[in-house]
Protein chains: 2
Amino acid sequence: MAKPDKRDEIVRAALELIAENGFHGAPMAMIADKAGVGAGTIYRYFENKDVLINELYRELEQRLLTVLMDGYSPDKSVRERFIHLGTAVLRYCISNPLDFRYLEQFHNSPYGVVHRRDKISGEADDKDIYRKLFEEGLSRQVIKDLPLVMLFSLAFGPLISVARDHILGFVSLDDDLIVKIIAACWDGLKR
Amino acid sequence: MAKPDKRDEIVRAALELIAENGFHGAPMAMIADKAGVGAGTIYRYFENKDVLINELYRELEQRLLTVLMDGYSPDKSVRERFIHLGTAVLRYCISNPLDFRYLEQFHNSPYGVVHRRDKISGEADDKDIYRKLFEEGLSRQVIKDLPLVMLFSLAFGPLISVARDHILGFVSLDDDLIVKIIAACWDGLKR
DNA sequence: ATTAATGGAATGAACGTTCATTCTTTTTAT
DNA sequence: ATAAAAAGAATGAACGTTCATTCCATTAAT
């Protein structure tokens, strides 16, 4: 691992270009250019564009997960834990707009659908804290009796939508609004 | 204007291919093929692909608006009107998955961002019933005091997310679940 | 200490493919 | 017979990927 230099530059360039212009607005030649690297060099680090896209996704997912877990305590109430997660997600998206835009591009593409299908059909990961949280909320009867995926939509649908609006400049989220929107999501969720 | 035949076939083919495969999975040649039409013929009806994409969007938007207005009474309570709109949107998306998928593709693309920016900066349309509804809810103090775009995210973010999950097969929405999810959205919205 | 040899990393021109659009020919309608 | 409409082959631009070559750091030989 003594050569993160070029690989890192390639990943950074890909993130920026894809986040801003989408997968099809980020040709390999442009990524190479922005990374300060020859076009062929990318293929020394990534087998092809698909692999690059997927590896970048995994890196961002990991970064986000780390942020979410920071200060997360499984002992707190369901409500408190939800507010922690919601706040962390929203703050992360707002202060890392490139990451957020990339994740959105990914999720709204065939890559994302495949990824999601795999995830849902697979066993509950240790890292799948949402699922755990909602399952506990259900068994404690503090949140509405709905299928897990719907609870997820109810809780995070508005947050993602609001984060997008903030990044696109349609609204300006401050601390007060963040607290309010997350409280509103909880109102939708709680029994 | 006595030749809606071919134009219609082209639009239908474009809708289906773009909804299922995205803009980049729907080459003009393929659209022509599916429409049973020569590739060049498309250009007799649409100046270029962009125009085709935008005109199709406008048609779908119009269709949806018609559905929403059906049975909509401005005299009912804010809550009742919201439930009417939410139910109508959700039902429309579920029973017209191609339309829904197309609208999503559009919104999650540069086309959609431009469109949205125009809409928000423009004057309130007569047809902009959401805005009217939320403004009235605000002045009557029955819904939370948040910026309009955030109310929109809060109300429709979950519905769109849930419609997508239904269409992708991650959940199966029946009448009971539809009622419940819309009630939950209202819980998030109401003061 | 200097030079020669080696091998992996990097390069970017070139290739084959795909696509939107245009052009030419053929068909249809009047 | 003429003109409008339709068809699909042709065109050129853009893209992902490959590969022959160059560069550079390290090692071996003198």
Side-chain angles (χ1 to χ4, degrees), chain A residues 1-59 101-102 105-106 108-112 114-115, chain B residues 1-59 101-102 105-106 108-112 114-115:
Chain A
M1 282 257 174
K3 37 151 195 181
D5 231 28
K6 304 239 166 193
R7 205 200 104 105
D8 229 53
E9 285 306 315
I10 292 166
V11 167
R12 193 192 319 284
L15 168 61
E16 193 171 328
L17 287 171
I18 293 173
E20 281 169 359
N21 313 319
F23 294 120
H24 301 280
M28 293 297 257
M30 205 183 282
I31 294 173
D33 216 44
K34 174 152 243 160
V37 141
T41 305
I42 297 180
Y43 292 85
R44 297 202 54 77
Y45 294 91
F46 305 95
E47 192 187 331
N48 55 42
K49 194 176 183 178
D50 263 35
V51 170
L52 168 58
I53 287 169
N54 279 293
E55 285 199 22
L56 176 46
Y57 177 77
R58 258 158 260 276
E59 287 186 27
R101 296 280 291 157
Y102 185 92
Q105 301 273 4
F106 189 91
N108 292 309
S109 75
Y111 300 112
V114 169
H115 179 260
Chain B
M1 283 258 170
K3 36 154 191 180
D5 231 27
K6 303 237 167 197
R7 204 200 104 104
D8 229 53
E9 284 307 315
I10 292 166
V11 167
R12 193 192 319 284
L15 169 61
E16 193 171 328
L17 286 170
I18 293 172
E20 281 169 359
N21 311 320
F23 294 118
H24 301 282
M28 293 298 258
M30 206 183 282
I31 294 173
D33 216 44
K34 175 153 243 162
V37 142
T41 304
I42 297 180
Y43 291 85
R44 296 200 54 77
Y45 295 92
F46 305 95
E47 193 188 330
N48 54 43
K49 195 177 184 179
D50 263 34
V51 169
L52 168 58
I53 286 170
N54 279 293
E55 285 199 22
L56 176 46
Y57 177 76
R58 258 158 259 277
E59 286 186 28
R101 295 282 289 157
Y102 184 92
Q105 302 272 4
F106 189 92
N108 292 309
S109 75
Y111 299 112
V114 170
H115 179 261

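The figures that follow rest on heavy atoms only: side chains count, while hydrogens, waters and symmetry mates do not. Predicted model, so just to flag it, every value in this text is computed and none were measured. A, B, ... follow the sequence lines: proteins, then strands. Residue 1 opens every chain.
Of all the heavy atoms in B/Phe46 and B/Ile10, the pair that sits closest is CE1-CG2, 3.8 Å. Taking every heavy atom of both residues into account, B/Ile18 and B/Gln105 meet most closely at O-NE2, 3.5 Å. The minimum heavy-atom distance linking A/Ala39 with A/Ala32 is given by the pair CA-CB, 3.7 Å. The nearest pair of heavy atoms linking B/Leu52 to B/Ile31 is CD2-CD1, 4.3 Å. Shortest non-hydrogen contact noted between B/Tyr102 and B/Ile53 is OH-O, 2.7 Å.
Ring geometry, A/Phe106 versus A/Tyr111: the interplanar angle falls under 30°, so the pair is classed parallel (tilted spans 30 to 60°).
Listed nucleotides: C/dA20, D/dT17, D/dG16. Nearest to the side chain of B/Lys49: C/dA20. Side chain of B/Lys6, nearest nucleotide from C/dT21, D/dG16, D/dA7: D/dA7.
Between the CD atom of A/Glu47 and the C1' atom of D/dG16 there is a distance of 13 Å, rounded to whole Å. The distance between atom CD1 of B/Ile42 and atom C1' of C/dC19, rounded to the nearest whole Å, is 12 Å. In this structure, the CE atom of B/Met28 is 16 Å from the C1' atom of C/dC23, given to the nearest Å. Nucleotide D/dA20 holds its C1' atom 18 Å from the OH atom of A/Tyr43, rounded to whole Å. In this structure, A/Asp50 places its CG atom 17 Å from P of D/dC15, rounding to the nearest Å. Distance A/Ile53 CD1 to D/dC15 P: 14 Å, rounded to the nearest Å. The separation between A/His24 atom NE2 and C/dT18 atom C1' is 13 Å, rounded to whole Å. For the pair A/Ile10 CD1 and C/dT11 C1', the interatomic distance rounds to 12 Å; values are reported in whole Å.
Summary of the strand contacts: A/Thr41 and A/Ala26 both lie near DNA chain D, and taking for each the nucleotide with the nearest heavy atom, the more 5' one is attributed to A/Ala26. Nearer to the 5' terminus of DNA chain C, by closest-nucleotide assignment, is the contact made by A/Arg44 (compared with the other of A/Ala39 and A/Arg44).
Between A/His24 and B/Phe23, the distance from one ring center to the other does not fall under 6.0 angstrom.
A salt bridge is defined here as a Lys NZ or Arg NE, NH1 or NH2 lying under 4.0 Å from an Asp or Glu carboxylate O, and B/Glu20 with B/Lys34 fails to meet this definition. In summary, A/Glu9 and A/Lys6 do not engage in a salt bridge, as defined by a charged side-chain N under 4.0 Å from a carboxylate O.
Contact check of residues 30-38 of chain B against DNA chain D (heavy atom, cut-off under 4.0 Å) returns B/Gly36, B/Val37, B/Gly38.
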*How does protein contact run along nucleotides 24-30 of chain C, one letter per nucleotide 5' to 3', with B for base contact, S for sugar-phosphate only, - for none, heavy atoms under 4.0 Å?*
-------
